[in-house]
**Student:** 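Please see the structure below; I have some questions.
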Number of protein chains: 2
Amino acid sequence: MPEFLYNNKLYYNPVEFAMDRIGGTWKMPILWRLKNRVMRFGELRKDIPHITDKMLTSQLRQLEAEGFIHREVYPVVPPKVEYSITPKGKTAIPIIETIRNYGLELMKKEGIPTK
Amino acid sequence: MPEFLYNNKLYYNPVEFAMDRIGGTWKMPILWRLKNRVMRFGELRKDIPHITDKMLTSQLRQLEAEGFIHREVYPVVPPKVEYSITPKGKTAIPIIETIRNYGLELMKKEGIPTK
DNA sequence: ATTAATACTTTCCAAAAAGTTAGTACCTCT
DNA sequence: AGAGGTACTAACTTTTTGGAAAGTATTAAT
């Protein structure tokens, strides 16, 4: 496996690279929810259990910086900001689905009720 | 999304559950190498760049505990231990491949030479 | 007696990720 | 004047993850 630098970080393989973009605790849950609709900050917060303002903001910023989502600000008071998925973000959906189904499969094997 | 406990840890979704079994820096590289052959500790260490003894040991133990690999000890001196993938471990290979291909795709978009 | 080989184990430490708590800016409405 | 609503921002702490370096056990070979 080749190793390479990107944004001053050293990666050892493509899996690591992918997981750095869409991995972590919150990025997939966010992308998953945006997959077929636009959502506001407050909506996402309500919909994703246990996420904090800080985590939501920082993850949204990272996803935006990588081009997975788009952030649209409306200059009104109180503030209104809408988040939507980009074409690049959509390419992540099937991957998330694959991992999700695998997770469900493993859970089933462990006897964890999946509903 | 349902939340649930497993081994005293709280999970919020199936993706998280899957990534806790086969995610992290080293588990996929290990499984990937074992996918079609048995390997010894020293072989794995030589083959996976930058991994330390400690990390290799701890990841192998976790993979074994979850049933993804099998550990065979030969009572000889110096010690000999062989690691092999189990049927359960094999189910992870296509997932790794999917993520890997996605990583390669993202790298290509970023202009990172993939070989 | 010393060295070599192999597969760990242990201790201590640093960095990264995530969580907690509190606060800000702005305008509208009462 | 004060409260309410929205999307943050900042400071601080905790937890998790990973890493470096050294040590252990056993026996054979020199």
Side-chain angles (χ1 to χ4, degrees), chain A residues 3 6-13 15-17 19-30 34 38-66 69-84, chain B residues 3 6-13 15-17 19-30 33-34 38-65 69-84:
Chain A
E3 65 185 50
Y6 182 75
N7 285 164
N8 272 320
K9 202 192 150 180
L10 185 63
Y11 295 93
Y12 301 142
N13 55 62
V15 169
E16 229 184 298
F17 187 79
M19 282 303 114
D20 236 37
R21 319 289 123 203
I22 60 164
T25 311
W26 305 112
K27 283 179 189 158
M28 294 196 208
I30 292 170
L34 293 177
V38 168
M39 289 178 84
R40 295 183 59 181
F41 186 90
E43 263 184 295
L44 284 165
R45 182 176 46 198
K46 250 183 288 181
D47 212 48
I48 303 175
H50 306 284
I51 197 169
T52 61
D53 282 10
K54 176 195 159 181
M55 277 297 117
L56 184 51
T57 302
S58 83
Q59 303 303 300
L60 287 170
R61 288 293 144 77
Q62 288 176 48
L63 287 169
E64 191 199 0
E66 305 274 0
I69 64 173
H70 171 73
R71 178 170 183 263
E72 185 78 33
V73 183
Y74 297 87
V76 295
V77 171
K80 174 174 173 182
V81 182
E82 283 184 347
Y83 294 93
S84 54
Chain B
E3 66 183 51
Y6 182 74
N7 284 163
N8 271 321
K9 201 191 150 178
L10 184 62
Y11 294 93
Y12 301 141
N13 54 63
V15 168
E16 230 184 299
F17 187 79
M19 283 302 114
D20 236 35
R21 320 287 124 206
I22 61 165
T25 311
W26 305 111
K27 283 179 188 157
M28 293 197 207
I30 291 170
R33 279 172 181 76
L34 294 177
V38 168
M39 288 177 84
R40 295 182 58 184
F41 185 89
E43 264 184 294
L44 283 165
R45 183 178 42 197
K46 251 183 287 179
D47 212 49
I48 303 176
H50 307 283
I51 197 169
T52 60
D53 282 11
K54 176 193 159 182
M55 278 299 118
L56 184 50
T57 302
S58 83
Q59 303 303 299
L60 287 169
R61 289 292 145 76
Q62 288 178 47
L63 287 169
E64 191 199 0
I69 64 174
H70 171 73
R71 178 168 183 264
E72 185 77 33
V73 182
Y74 299 87
V76 295
V77 171
K80 174 175 173 182
V81 183
E82 284 184 345
Y83 295 93
S84 53

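The analysis underlying the following values was restricted to heavy atoms, covering all of them including side chains, and did not include hydrogens, waters or symmetry mates. Proteins get letters first, then strands, A, B, ... in listed order; numbering begins at 1 in each.
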**Student:** Could you check whether any side-chain N or O of A/Arg71 sits under 3.5 Å from a backbone N or O of A/Glu64, counting only pairs where one atom can act as donor and the other as acceptor?
**Tutor:**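 Checking the backbone N and O of A/Glu64 against the side chain of A/Arg71, no donor-acceptor pair under 3.5 Å is found.
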**Student:** Without decimals, in angstroms, what is the distance between B/Arg45 CZ and C/dA5 P?
**Tutor:**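 Atom CZ in B/Arg45 sits about 12 Å away from atom P in C/dA5.
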**Student:** Name the nucleic acid region contacted by B/Tyr83, choosing base, sugar-phosphate or nothing; use a 4.0 angstrom heavy-atom cut-off, strictly under.
**Tutor:**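 Sugar-phosphate contact only.
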**Student:** For C/dA18, take OP1 and OP2 only and decide whether either is under 4.0 Å from a side-chain N or O of B/Tyr12.
**Tutor:**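 It does not, given that no N or O in the side chain of B/Tyr12 lies less than 4.0 Å from OP1 or OP2 of C/dA18.
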**Student:** Atom CZ in A/Arg40, atom CD in A/Glu72: separation rounded to 0.5 Å?
**Tutor:**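 Rounded to the nearest 0.5 Å, the CZ-CD separation comes out at 12.5 Å.
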**Student:** Answer whether the closest heavy-atom distance between the side chains of A/Leu60 and A/Val81 falls below 4.5 Å.
**Tutor:**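 SC-SC contact between A/Leu60 and A/Val81 ruled out.
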**Student:** Between which nucleotides of DNA chain D, 5' to 3', does chain A make heavy-atom contacts below 4.0 Å?
**Tutor:**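 Footprint of chain A along DNA chain D, 5' to 3': D/dG5 to D/dA11.
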**Student:** Per the end-axis method with five pairs at each terminus, what is the bend angle of the helix from C/dA1-D/dT30 to C/dT30-D/dA1, to 10°?
**Tutor:**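 About 30° separates the two local helix axes.
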**Student:** When you measure from the side-chain N and O atoms of B/Arg40 to the phosphate of C/dT6, is any distance below 4.0 Å, counting only OP1 and OP2?
**Tutor:**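 No.
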**Student:** Starting at OG1 of B/Thr25, measure out to CG of A/Asn13 and round the result to the nearest 0.5 Å.
**Tutor:**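 The CG atom of A/Asn13 is 9.0 Å from OG1 of B/Thr25, to the nearest 0.5 Å.
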**Student:** Looking only at heavy atoms, which two atoms of A/His50 and B/Tyr12 are closest? And how far apart?
**Tutor:**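 Shortest heavy-atom separation between A/His50 and B/Tyr12 comes out as CD2-CE2, 3.3 Å.
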**Student:** Among B/Val38, B/Ile69, B/Leu34, exactly one meets side-chain contact (heavy atoms from CB on, under 4.5 Å) together with B/Ser84. Which residue is that?
**Tutor:**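 Result: among B/Val38, B/Ile69, B/Leu34, B/Val38 is the only option passing the side-chain contact (heavy atoms from CB on, under 4.5 Å) with B/Ser84.
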**Student:** Could you check whether any side-chain N or O of A/Glu43 sits under 3.5 Å from a backbone N or O of A/Met39, counting only pairs where one atom can act as donor and the other as acceptor?
**Tutor:**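 Checked: no pair found.
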**Student:** Using whole Å, what does the distance between atom C1' of nucleotide C/dA17 and atom NZ of A/Lys9 come to?
**Tutor:**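 Atom-to-atom, A/Lys9 to C/dA17, this comes out as 11 Å.
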**Student:** Please report the interatomic distance CD(A/Glu3) to CG(A/Leu10), rounded to the nearest 0.5 Å.
**Tutor:**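 Between atom CD of A/Glu3 and atom CG of A/Leu10 there are 5.0 Å.
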**Student:** In whole Å, what is the span from the CH2 atom of A/Trp26 to the P atom of C/dA16?
**Tutor:**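 That distance rounds to 22 Å.
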**Student:** Is the ring pair B/Tyr11/B/Tyr6 parallel, tilted or perpendicular, if the boundaries are 30 and 60 degrees?
**Tutor:**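 Ring orientation, 0 to 90° scale: tilted.
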**Student:** Would you say the side chain of A/Gln62 lies within less than 4.5 Å of the side chain of A/Gln59, judging by non-hydrogen atoms?
**Tutor:**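 When only atoms from C-beta onward are counted, A/Gln62 and A/Gln59 do touch, with a gap below 4.5 Å.
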**Student:** To the nearest Å, how far apart are B/Leu10 CG and C/dA18 C1'?
**Tutor:**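 It works out to 14 Å between those atoms.
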**Student:** Scan nucleotides 20-30 of chain C nucleotide by nucleotide, 5' to 3', and note B when protein non-hydrogen atoms come under 4.0 Å of the base, S if they reach only the sugar-phosphate, - if neither.
**Tutor:** B-----BB---
**Student:** Which pair of heavy atoms, one from A/Leu56 and one from A/Phe41, lies closest together, and at what distance?
**Tutor:**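 Closest pair (atom of A/Leu56, atom of A/Phe41, distance): CD2-O, 3.7 Å.
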**Student:** Between atom CG in B/Leu44 and atom P in C/dA7, what is the gap in whole Å?
**Tutor:**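 Interatomic distance, CG of B/Leu44 to P of C/dA7: 10 Å.
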**Student:** Between B/Met19 (CE) and C/dA17 (P), how many Å, whole number?
**Tutor:**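 About 17 Å, once rounded to whole Å.
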**Student:** Judged by each residue's nearest nucleotide on DNA chain C, which is more toward the 5′ side, B/Glu43 or A/Asp20?
**Tutor:**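 The answer here is B/Glu43.
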**Student:** Provide the closest heavy-atom pair for B/Ile22 versus B/Met28 in the form atom of the first, atom of the second, distance.
**Tutor:**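 Heavy atoms only, the tightest pair is O-CG, 3.1 Å.
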**Student:** Is the shortest side-chain N/O distance from A/Thr25 to OP1 or OP2 of C/dA18 below 4.0 Å?
**Tutor:**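 Looking at the OP1 and OP2 atoms of C/dA18, one of them is under 4.0 Å from a side-chain N or O of A/Thr25.
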**Student:** Given atom CG of A/Leu56 and atom C1' of C/dA17, what is their separation to the nearest angstrom?
**Tutor:**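 These atoms are roughly 16 Å apart.
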**Student:** Grab the OH-C1' distance between A/Tyr11 and C/dA16 for me, whole Å please.
**Tutor:**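 Value for this atom pair: 13 Å.
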